[in-house]
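By convention in this document, chain letters (A, B, ...) are assigned in the order of the sequence lines, proteins followed by strands, and residues within each chain are numbered from 1.
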6 protein chains.
Amino acid sequence: MRLPYVLLDHAAEIDIGLIGVPWDGGTTNRAGTRHGPKQIREMSALTRNVHHVTGVRPYELANCADLGDVNANPVDLQDSLAEIEQFYRSVSAKGIVPLSVGGDHLLSLPVMRGICNGRVIGMVQIDAHTDTNAHSFGKHKYTHATVFRRAIEEGLLDPRRIVQIGIRGSLYDADDMDWGRDQGIRIITIEEFHDLGLSEVVRIAREIVRGDPTYLSFDIDALDPAYAPGTGTPEVGGLTTIEAQHLLRGLRGLDLIGADVVEVSPPFDMSGNTAIVAATMIFEILCLLTEQLKGRKR
Amino acid sequence: MRLPYVLLDHAAEIDIGLIGVPWDGGTTNRAGTRHGPKQIREMSALTRNVHHVTGVRPYELANCADLGDVNANPVDLQDSLAEIEQFYRSVSAKGIVPLSVGGDHLLSLPVMRGICNGRVIGMVQIDAHTDTNAHSFGKHKYTHATVFRRAIEEGLLDPRRIVQIGIRGSLYDADDMDWGRDQGIRIITIEEFHDLGLSEVVRIAREIVRGDPTYLSFDIDALDPAYAPGTGTPEVGGLTTIEAQHLLRGLRGLDLIGADVVEVSPPFDMSGNTAIVAATMIFEILCLLTEQLKGRKR
Amino acid sequence: MRLPYVLLDHAAEIDIGLIGVPWDGGTTNRAGTRHGPKQIREMSALTRNVHHVTGVRPYELANCADLGDVNANPVDLQDSLAEIEQFYRSVSAKGIVPLSVGGDHLLSLPVMRGICNGRVIGMVQIDAHTDTNAHSFGKHKYTHATVFRRAIEEGLLDPRRIVQIGIRGSLYDADDMDWGRDQGIRIITIEEFHDLGLSEVVRIAREIVRGDPTYLSFDIDALDPAYAPGTGTPEVGGLTTIEAQHLLRGLRGLDLIGADVVEVSPPFDMSGNTAIVAATMIFEILCLLTEQLKGRKR
Amino acid sequence: MRLPYVLLDHAAEIDIGLIGVPWDGGTTNRAGTRHGPKQIREMSALTRNVHHVTGVRPYELANCADLGDVNANPVDLQDSLAEIEQFYRSVSAKGIVPLSVGGDHLLSLPVMRGICNGRVIGMVQIDAHTDTNAHSFGKHKYTHATVFRRAIEEGLLDPRRIVQIGIRGSLYDADDMDWGRDQGIRIITIEEFHDLGLSEVVRIAREIVRGDPTYLSFDIDALDPAYAPGTGTPEVGGLTTIEAQHLLRGLRGLDLIGADVVEVSPPFDMSGNTAIVAATMIFEILCLLTEQLKGRKR
Amino acid sequence: MRLPYVLLDHAAEIDIGLIGVPWDGGTTNRAGTRHGPKQIREMSALTRNVHHVTGVRPYELANCADLGDVNANPVDLQDSLAEIEQFYRSVSAKGIVPLSVGGDHLLSLPVMRGICNGRVIGMVQIDAHTDTNAHSFGKHKYTHATVFRRAIEEGLLDPRRIVQIGIRGSLYDADDMDWGRDQGIRIITIEEFHDLGLSEVVRIAREIVRGDPTYLSFDIDALDPAYAPGTGTPEVGGLTTIEAQHLLRGLRGLDLIGADVVEVSPPFDMSGNTAIVAATMIFEILCLLTEQLKGRKR
Amino acid sequence: MRLPYVLLDHAAEIDIGLIGVPWDGGTTNRAGTRHGPKQIREMSALTRNVHHVTGVRPYELANCADLGDVNANPVDLQDSLAEIEQFYRSVSAKGIVPLSVGGDHLLSLPVMRGICNGRVIGMVQIDAHTDTNAHSFGKHKYTHATVFRRAIEEGLLDPRRIVQIGIRGSLYDADDMDWGRDQGIRIITIEEFHDLGLSEVVRIAREIVRGDPTYLSFDIDALDPAYAPGTGTPEVGGLTTIEAQHLLRGLRGLDLIGADVVEVSPPFDMSGNTAIVAATMIFEILCLLTEQLKGRKR
């Protein structure tokens, strides 16, 4: 993005901070998302200043800055969770709304730990997978497939204020989605997405999260692999980029306290198009965040 | 797929056999589908156990096995046709329903020779091309572009019980499709597919093949090259993967005596996504075959 | 295309000439379209003789020839503009309708200079960008982003007879499109395209250009990068190839005096599919040109 | 190469003809060499007019032409062998020395059948493999791994006048090379190549083929895969391009009646460098052929 | 390799076991070696039965089997170290000499823990890096850059019986190699390798490890990136494959109690050639192991 | 490199400045070097702090900084030449020794115009091509193939103090090198390089440029395409990276007033290895520059 680079320690008066989390320590299959932030930053040179539909000018509306990359490492998972959480505690303490660029989906957990400050928040999750498994490989509690089960258990997320959109793909067990549904999560599979239509999906999502503090999590594998091949667990039959853009634009005015775009894996993104798609979605979300901030400031 | 590997000679009590046909001896342009079975097997690790829409559990409903690869070779076409036919005669003799992974489309001919046992069968063919040319290069009778003309001439297929869906692309001659239509084949071009809508196409297809023995042939080039670039004769303007999935799910309950997924060409599939798409379609078809088998067993 | 190669100096009785313009001297970001004509010619071997929907047989209806490549060079922009203009003056003098293959979009300017002969023409532009910037980098007047501003200023194009379809992407300034709209250009953004529907877009386009001399300019980046990744300035959320094909078929019967397909960049087209898409669009346009020519000849 | 394209039927006064054989019908593992001639022609644009060491100007010394591609097909091996042989009979009848571009190595057999005219010739073969297997897959007589056994059996090649340079790689059986050695072939493995040194290898090669009619066959897999990755059966530990160039320059003055460069497989040549290497070797050989021709004419 | 697949639990009378360790939990920069074993197995189809220089027939000399992949996971480093160690304890208990395929270099640590059984062994390490750092990122003790420091500290390796060949590349600190040299490790940089010559390097290596139990560790990045680009930390200016082959052949007759080939990373190995190179080195090592075993059995 | 980023306007006390010139306006064939500086900066993360042979610590010996990219554009050649010259005049005025990263080779001309300040300098040029053509395409004076002819004509370079190493490849005309040799340039072709041996080449180079002000220009195509495929005009049969490293180390102690590494073209560098090679060479040169500066300061 066309953002000034600011060290967190020197960040003052920043409204929205773009933060890279070059870490794939929670990835159970094809690694590589640790290189996501770098490639997305590079490709973001193709985005410009004004949203062509909403007319939002994010860099004028708010004080945006690139806060650089969090210090995480691939060889010690708990250490990285702690490092990320600590970084986001500081971000939160400075009143900065974080827009994170992954890295794998497990990063949402330490981010939420860092910014919730005792609040139990809602979430709009655009994703192919629910990421609410009990564990991975039968024993590991912290992976990108268990992240939101952990966040619910830790009291960070209110499951009745979670909507998951774009879910699909064959299941390990017939009851894979039962736990989430039992908790109260509203799961909108890709089939239901097409049955309901985009407007109705937007209406449902807004109804679920309402005006309370909400996190927006965008897993790039929500998109069909034709649009976003560069990811670790591609799932056939997903959203088009246009559908995703309209979905995001439908979230204007929500109380978003943070957002992330995750699971872009450059080693599997030979044309670089997945990073371009991710940069476009980040721009859409940045416009959401700044517009809402402006509304709040008034 | 998550299947045990069983040698055909030792196969007992197998209901459905996944069979690789690593052979592109009938390919007239860009070769490479001989590597298809290997890559699709590899990518099939991304599929799981339960169909997320129909709830079918193929590995519980039926005794499924991977019967390995047929012994074919690229340097002697007639010899390979004979080898493949012989293999499928044995498969058929053991009462196994074959789900074949190509390889180029010519393989459907020896497969049908091996499993028809005197029956004249119907076919649902999802494809960009009719593959009913009289010959290729003006003289060659056995290629992937002539396969179903040969199968009709040999009395294996009943043309009035064939429906071809997704046909498109410029023609060699204005009468390219006349022979097929004269025989009674129902050709649904991609334009007609969009005009009729998916439900009506499904209705027509079911009406044509009815409850009699039917073969399902899925040429990966039926899909748009954006979704499945790794094929030898890509044809712009095709099906999306979601359309193909809904089409397949519309075939539940037919009397399918065999199926194939053909023309995946790894050397032209740089991201590996075509193989993932193929594995997903194979899983969809496997669920069709097992569900129907269970129905029949009752 | 399956065309005889004819040197322009020896071209007699040619109705439609395919012309390569291997030049990216107007490209401001990622170069590479200079290799477009070669790759598209190669991939055009996959097109055949008859349009499968309209039944048009271009090679029978008109005398088509491949006139080879224009002599342009990447190290002297004004020299190249002059070379291209001169070539098209000769093409025009021989009564040949040019179908150009780029190269970057700046080539449309010298082509129009060469073929307008004092006429002020209309244009159907299928594109992600309006290409009517005042300048690039604050000072350069001749680039692929300013081409149609220059053509309007030079009196080659009548802005009230221009329709731009598929426009999208974030803007440099909120007033990026104001100049064009003030001139009378009808801009149909991708969002408006989806709101109006394809038939209505076709109706509007025809209403704007009417039966007067019209140029057809197809920038491959009008298509979504999933369908056409090999281009210098990909813009997420574009047309599908099917939409583009239907759009082109909607232009039958217009008075097209020339056309181009531009911005295919082989170094960014790893699978070669963008070139296949371009060849398909060229075939669609060739059918338009020959059908209309035949109508006129009667 | 910078050669005029001449149809064989119209070829008069041609000394040396470059001929493409886009055919991989004899390939037992990874296909793709059918696309070799096209890619090598394209990359040959990077070669120029004068040899920088020998000073030979091939296009001035001899009348060189590109005779286009032989008509071969991948679906009928014996038919293709006959087509190729017939083409080369015509080439030979017109007194043209053929420089062939493959295609797989089996093409050397019909070429020799076409040009030997009863002569029993010698051969310098630069290759990783001897290609003198009795058969492939236990039964197939005509493949790229058996080609020179067949040529010897047919009395086309005199085994005592064959030298094979660069042979390496693990063997199927310990006696794989025994047949060849028993016939009198001088096999210089890569290990022996390094022990003897380049000058001594050149001396031996010249001693073996002497001044009698000799064929030069260059399999691109003679080179190490680091230099020429785009081939079907890469063999680690091969020649560098500099070694190959010096080897070829060591063959000046021999009585070469034909030559080929084979086994370039574009689908496995992602960077295109293998085709550039092949074009360079073809230029080296073209200089050999023209220089010798000039010597003979005197 | 052409090996029967045997489950470790059922392994009886096996002399040499090929074992995959699909794990990159110790990788600090570009991940991906977890996919190494799969790709190397696939490419190993290009190796055959007999060593063409030594004449060794590994599959006849010894009872070789593919023992499959160790169960490791990317989300818990200590758990994986324990799993790998346990597996190799069983391998060792059955008297099987393990030939491991990585995976990243950290795997050598649990392998040595599993097979040393109280012995302090020597090592021939062919590598670009010494892998004897004190820690990575200032605090992490277990990574692929610290592995042999840990092994020495744990008393598994005798530093005076370690020779490291091919070391190169800029250093973090001037004293990076001091610790190792102080321990007694003989470091042969690539510069010294070229100064001494291959024979002298072999002589030194044999002198250092002598006839006592020795481990052979081959990091693919010892090779120049031109020969083996598919690795996480490529280092310019390395060994050629021929040099590596001769180096390995120079180790005949040593008392090798295990060996590994590590750091092949398929996501960075676009042509697949690095895996072919690795498979070739594995074949060379397999011949070493079987030949020595045969010697010992006598 | 691990360098602080400093804006030129704020640069004080900087000894050596790394400068990107993202410009390929002088490229006559395959463009793409405009992306070179970005990719090389990215890959330079793999270099470290201390030279492992000379022990030089560049970041301690001198005050090094990354001065960012020069402002150049691809659509106006003369404008870019002026921009680059102006930038280097400022660099020179501040007493900074520039180490430039291209971009195409034409950039050496404006760099020399900016830093020569009336001096006539010598040059060590490591390159496959002499780049002393009179013009390109018969009329264009300023391209990457004419750059040093222009620099000599402008009195920037003393031809008798120029040595060109690694020259090779077929010629346009037999007298291509005559002009340079007539001027007094010492051309060492790759063949002569191998005949003389590396030490003698180093001795000759030092003898020619002596202790007077000298520029070092490293064209990445001096290296063999196996080592550096990512370039616009690859030339088979070049230097290995080890040879290039030893060549550079042979230049210690010369009076180098500037250096560049040019012609890295990321679109043709699929594995990224060419950029890694370039970063390694830049590190070697940085060590040369800092060591000499330290010597001078004393």
Side-chain angles (χ1 to χ4, degrees), chain E residues 28-30 32 128-130 133 136 145 164 166-178 180-181 187-195 221-243 264-274 277, chain F residues 1-2 40 42-61 197-199 220 223-230 234 238-249 261 268-287 290:
Chain E
T28 52
N29 31 18
R30 309 193 302 187
H129 312 96
T130 59
N133 288 5
S136 291
Q164 299 180 319
I167 305 303
R168 64 191 183 276
S170 53
L171 309 173
Y172 288 110
D173 287 303
D175 59 0
D176 276 5
M177 295 190 196
D178 289 356
R181 286 188 172 127
I187 298 174
I188 301 179
T189 64
I190 196 71
E191 285 80 13
E192 195 177 359
F193 176 89
H194 285 120
D195 286 347
D221 68 21
L223 297 168
D224 192 275
Y227 292 85
T231 193
T233 316
E235 207 69 62
V236 166
L239 295 172
T240 68
T241 47
I242 292 179
E243 288 167 344
V264 172
S265 185
F268 299 95
D269 185 28
M270 303 186 70
S271 67
N273 271 355
T274 310
V277 166
Chain F
M1 317 308 281
R2 295 150 185 275
I40 294 171
E42 192 178 301
M43 287 301 182
S44 70
L46 289 169
T47 64
R48 305 183 195 89
N49 307 311
V50 186
H51 194 287
H52 68 300
V53 174
T54 64
V56 171
R57 300 174 181 77
Y59 310 123
E60 294 178 26
L61 286 183
L198 202 135
S199 313
I220 206 75
L223 296 168
D224 191 274
Y227 292 85
L239 296 171
T240 68
T241 47
I242 292 179
E243 288 167 344
Q245 287 176 301
H246 283 283
L247 204 47
L248 290 173
R249 290 173 200 163
V261 174
F268 298 95
D269 185 27
M270 302 187 70
S271 66
N273 271 354
T274 309
I276 295 175
V277 167
T280 303
M281 297 303 155
I282 289 168
F283 185 80
E284 293 276 353
I285 295 172
L286 187 65
C287 289
T290 51

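The contact between F/Thr280 and chain E is made entirely by side chain atoms (from C-beta outward), counting heavy-atom distances below 4.5 Å. For F/Val53, the part sitting under 4.5 Å from any heavy atom of chain E is the side chain, from C-beta outward, and nothing else. Only the backbone of E/Asp173 has a heavy atom closer than 4.5 Å to any heavy atom of chain F.
Separation of atoms CD1 (F/Ile276) and CG (F/Leu46) is listed at 5.5 Å; rounding is to 0.5 Å.
A salt bridge is defined here as a Lys NZ or Arg NE, NH1 or NH2 lying under 4.0 Å from an Asp or Glu carboxylate O, and F/Arg48 with E/Glu235 meets this definition. A salt bridge links F/Arg249 with E/Glu191: the closest approach of a Lys/Arg side-chain nitrogen to an acidic carboxylate oxygen falls below 4.0 angstrom.
Note: F/Tyr227 and E/Tyr227 have perpendicular aromatic rings, judged against thresholds of 30 and 60 degrees for the angle between ring planes.
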